[in-house]
Amino acid sequence: MPLESKFSEVAENRLYSLAYNKSIREHKLMASRCKKCGYLSIPPKPVCPKCHGSEIDVVEMKGGGKIAAYTVVAVGAPLMVEEGYGREKHYCCGVVELEEGVKVCARILGVDVSKPEQIKVGTPVKMDFVETFHAADPTHEEGERTFLAFTVLEKP
Amino acid sequence: MQKRRKLGRGVAVVGAGLSKFGAYPRGVRGQDIFVEAYKEMIASIDKGFDPEDIDALYLGNLSSDLFERQVHMGPAVANRIGIVPKPTIRFEDACAASGVAFREAVIAVSSGIYDVVLTGGVEKMTNLDTTHVTEVLAAAMDPDTEIAAGETFPGIYATIATAHMAKYGTTVEDFMRIGIKNHYNGSLNPHAHFDASITDLMKRKAAAALKKGLPEPSWADEMEFLHDPKQNPVIAWPMRLFDCSTVCDGASCVLVVAEDIAKNFTDRPIFVIGTGQASDHFLAEREELTSLRAARIAAGEAYAMAGVGPQDIRIAEVHDCFTIAELIGMEDLGFYKPGEAVRAVREGENRLDGKLPINTDGGLKAKGHPIGASGTGMIVEIFKQMREEAGPRQVKKKDVDLGLTHNVGAHGSTVVINIFERR
Ligand SMILES: [Zn+2]
């Protein structure tokens with residue numbers, strides 16, 4: 001096999017960044033699952049963080065979960081400032097624990113950012129995605145980008 | 001599983017110095033600020049020293065690349081302090097850069113390869129505006145998940161804080177108490193970025209309002225001032241302005257030598273008896289959100305090497321990039337059980353006159369957090385306190401024979417712990 005074909009092999013490897021972000025664009029959240037010990041990891045890893053196994057499956061998450069930790073940000077990340085967030089328009093993000101047991105960092109929607117103290121750890125959320133336009137940066141071209149988010153479920 | 005490591009030979013700190021922390025004008029370079037720390041370090045060496053004796057420079061720095069458009073900081077600093085052609089190495093471990101540089105200097109000297117290593121750190125941050133500083137600091141996180149989520153450096157610690165609040169009932173007032181303590185200590189430290197306690201700030205704000213002919217503001221106490229969103233705006237809830245370390249410029253410098261030659265420099269060396277370091281995953285991939293596992297592992301290694309336990313430590317510098325970081329640091333180091341550090345915070349146990357003084361120099365909160373300089377900056381303070389040279393902030397108790405520095409990189413993806421002994 002010519003070494004040149006390594007480039008596309010790395011780009012398409014489902015355990016590397018590009019494929020993970022491609023799945024996000026397709027509104028899918030993928031995790032790696034170790035064939036030996038079953039350990040789940042997001043983003044996917046080529047080596048199991050638990051047992052060092054390298055026989056890895058890539059599996060799709062169902063999308064249900066609950067808030068494990070959160071913050072409401074006033075001094076925004078440049079990415080969010082580009083989307084119009086900041087001191088006048090706060091946003092929520094944090095860690096969501098999925099029903100599969102693995103956790104992921106994501107945007108959190110459907111909460112009242114003016115009352116951060118009322119947001120509760122443990123609140124059920126459902127997977128969602130945000131699409132926004134962004135300027136180019138060293139790892140992305142200019143254009144529409146998709147971000148993982150979770151929305152608080154309506155009160156039953 | 002954990003190996004018990006030991007130093008090949010004894011290692012001591014014989015000199016330590018700090019630049020003034022704060023905002024230097026644009027155009028001042030990191031290497032210029034380092035010279036200030038270096039000069040103070042030389043002045044602290046009782047019997048003097050010959051720069052020719054320096055075997056190598058181990059320098060901590062997060063990102064002169066992004067802050068100053070300068071790479072290859074090691075030789076730039078060596079050039080400025082006149083130690084070319086000595087070898088130089090720059091260490092990048094986010095906010096733990098110089099804590100790690102120091103540990104590597106200790107390892108190098110203990111190996112016998114080097115006898116004298118100049119170590120320290122520097123950061124010139126204030127050339128950039130807040131948004132761009134935020135961007136540089138966030139670059140220490142996972143781009144695919146954390147940065148995509150809109151997390152910032154304050155945001156990620158605020159996220160940890162809400163997990164701690166939910167699990168243990170920690171309150172925003174507990175965080176504020178830590179800020180009040182550190183600001184008070186910083187007000188006694190001439191090198192600190194902030195020269196005012198919260199009470200001083202309240203008085204200044206009131207005086208400024210009167211001068212402008214405005215009604216005099218009145219806050220019942222520091223807590224009420226810190227709850228005032230005008231005075232203490234939210235950065236990333238529950239972290240407010242006075243929960244966050246300051247963005248500033250600064251340098252710190254420490255001379256590490258082999259124990260058997262320490263007396264050539266001073267009759268009062270401070271000995272390095274333990275060191276430990278560990279890494280961790282990004283936040284969401286950790287089993288626990290309310291504790292930094294890397295800190296527990298690094299501390300375990302350092303305690304084992306030193307042959308001491310948390311109960312033996314008499315003074316500590318605990319990485320307070322945010323007030324929540326100091327709180328969980330106190331628990332990770334084993335000073336208090338998980339969820340119980342708030343008791344000490346509420347009772348003032350970690351003040352200058354308390355049982356276990358923490359961040360006597362004002363911490364990163366008030367002294368300032370010029371990232372690359374912070375790790376060895378903590379060591380400078382332990383050195384001064386153990387030699388009873390800390391001036392008005394000198395702790396009164398006389399038993400400060402064992403000290404510890406806890407230096408965290410990013411959100412705990414690196415932690416380095418060093419333990420010091422006065423003999
Ligand atoms: Zn495994």
Side-chain angles (χ1 to χ4, degrees), chain A residues 16-18 20-21 24 29 40-45 49-50 67-83 85-87 90-98 102-108 113 115-117 119-122 130 137-140 145-150, chain B residues 66 128-139 141-168 171-172 229 233-241 244 247 279-290 322 324 411:
Chain A
Y16 294 169
S17 281
L18 205 57
Y20 171 76
N21 285 316
I24 294 287
L29 176 59
L40 287 168
S41 194
I42 302 175
K45 306 271 176 303
K50 200 90 185 168
I67 297 175
Y70 68 95
T71 178
V72 171
V73 180
V75 177
L79 186 81
M80 302 303 285
V81 171
E82 220 186 323
E83 292 179 27
Y85 292 98
R87 286 198 166 90
H90 301 175
Y91 62 91
C92 183
C93 57
V95 176
V96 168
E97 184 174 348
L98 301 176
V102 62
K103 297 191 289 295
V104 65
C105 198
R107 302 181 182 198
I108 298 171
V113 293
K115 297 189 181 72
E117 65 285 355
I119 301 170
K120 291 275 173 289
V121 165
V130 176
D137 72 22
T139 57
H140 299 91
R145 286 178 61 185
T146 308
F147 299 98
L148 177 67
F150 287 83
Chain B
L66 296 170
L128 301 186
D129 62 27
T130 307
T131 306
H132 288 98
V133 170
T134 303
E135 186 171 29
V136 174
L137 299 180
M141 302 192 296
D142 181 32
D144 293 326
T145 56
E146 293 171 333
I147 293 177
E151 282 286 13
T152 60
F153 188 37
I156 207 89
Y157 272 97
T159 303
I160 293 171
T162 57
H164 203 278
M165 292 163 86
K167 187 167 179 187
Y168 298 115
T171 66
V172 292
V234 167
I235 304 297
W237 194 87
M239 293 290 104
R240 293 166 178 259
L241 183 65
C244 304
V247 168
S279 66
D280 203 352
H281 299 294
F282 297 114
L283 183 64
E285 296 180 42
R286 301 175 192 166
E287 222 157 281
E288 270 189 80
L289 300 177
T290 53
F322 302 95
I324 175 66
H411 43 345

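Chain identifiers are assigned alphabetically (A, B, ...) following the order of the sequence lines, protein sequences preceding nucleic acid strands; residue numbering begins at 1 within each chain.
Scanning all heavy atoms of the two residues, the minimum distance from B:Val234 to A:Val72 falls at CG1-O, 4.2 Å. Closest approach of A:Pro43 to B:Asp144, counting heavy atoms only: CG-CB, 4.3 Å. Across every non-hydrogen atom of A:Ala69 and B:Leu289, the tightest pair is CB-CD1, 3.9 Å. Between B:Thr131 and A:Pro78, the shortest heavy-atom distance links the atoms O-CG, 3.5 Å. In plain terms, the two heavy atoms of B:Glu151 and A:Gly94 that are nearest each other are OE2-CA, 3.8 Å. Contact record, B:Ala163 with A:Ala68: CB-O, 4.1 Å, taken as the closest heavy-atom pair.
Of the atoms belonging to A:Glu117, heavy atoms from both backbone and side chain fall under 4.5 Å from chain B. Looking at A:Tyr91, only its side chain comes within 4.5 Å of chain B, counting heavy atoms on both sides. Residue contact with chain A, scored on non-hydrogen atoms closer than 4.5 Å, involves the backbone and the side chain of B:Ile235 alike. Using a 4.5 Å cut-off between heavy atoms, B:His164 makes no contact with chain A at all. Contacts of B:Thr130 with chain A are made by side-chain atoms alone, with heavy-atom separations under 4.5 Å and no backbone atom involved. When heavy atoms are compared at a cutoff of 4.5 Å, A:Leu148 does not approach chain B at all.
Contact count versus chain B (heavy atoms, under 4.5 Å) is highest, among A:Pro49, A:Gly122, A:Ala77, for A:Ala77. Ranked by heavy-atom pairs under 4.5 Å with chain B, the first of A:Ala74, A:Ala149, A:Pro116 is A:Pro116. Most heavy-atom pairs under 4.5 Å with chain B, from the set A:Phe147, A:Tyr85, A:Tyr70: that is A:Tyr70. With chain A as partner, the option from B:Pro154, B:Ala166, B:Gly150, B:Gly155 having the largest number of non-hydrogen pairs under 4.5 angstrom is B:Gly150.
A 4.5 Å side-chain heavy-atom check between B:Trp237 and A:His90 finds every atom pair outside the cut-off. Residues A:Thr139 and B:Pro143 fail the side-chain proximity criterion, which asks for heavy atoms closer than 4.5 Å. For the pair B:Thr162/A:Thr71, no side-chain contact is recorded, criterion being any heavy-atom separation below 4.5 Å from C-beta on. Contact annotation: the side chain of A:Cys105 never approaches that of B:Thr159 to less than 4.5 Å [non-hydrogen atoms, C-beta and beyond]. Side-chain contact between A:Lys103 and B:Arg286 is absent, with no heavy-atom pair separated by less than 4.5 Å.
Between B:His281 atom NE2 and A:Ser41 atom OG the span is 7.0 Å, to the nearest 0.5 Å. With values rounded to the nearest 0.5 angstrom, A:Asp137 atom CG is found 8.0 Å from B:Glu135 atom CD. Atom OG of residue A:Ser17 and atom CG of residue B:Asp142 lie 7.0 Å apart, to the nearest 0.5 angstrom.
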Subject >> Worked verdict on A:Val75 versus B:Thr152 for side chain to side chain contact (heavy atoms under 4.5 Å, CB included) >> reply: CA-CA 8 Å; A:Val75 177; B:Thr152 60; over 6 Å; no
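Ion pairing between A:Lys50 and B:Glu287 holds under the 4.0 Å rule for side-chain N and carboxylate O.
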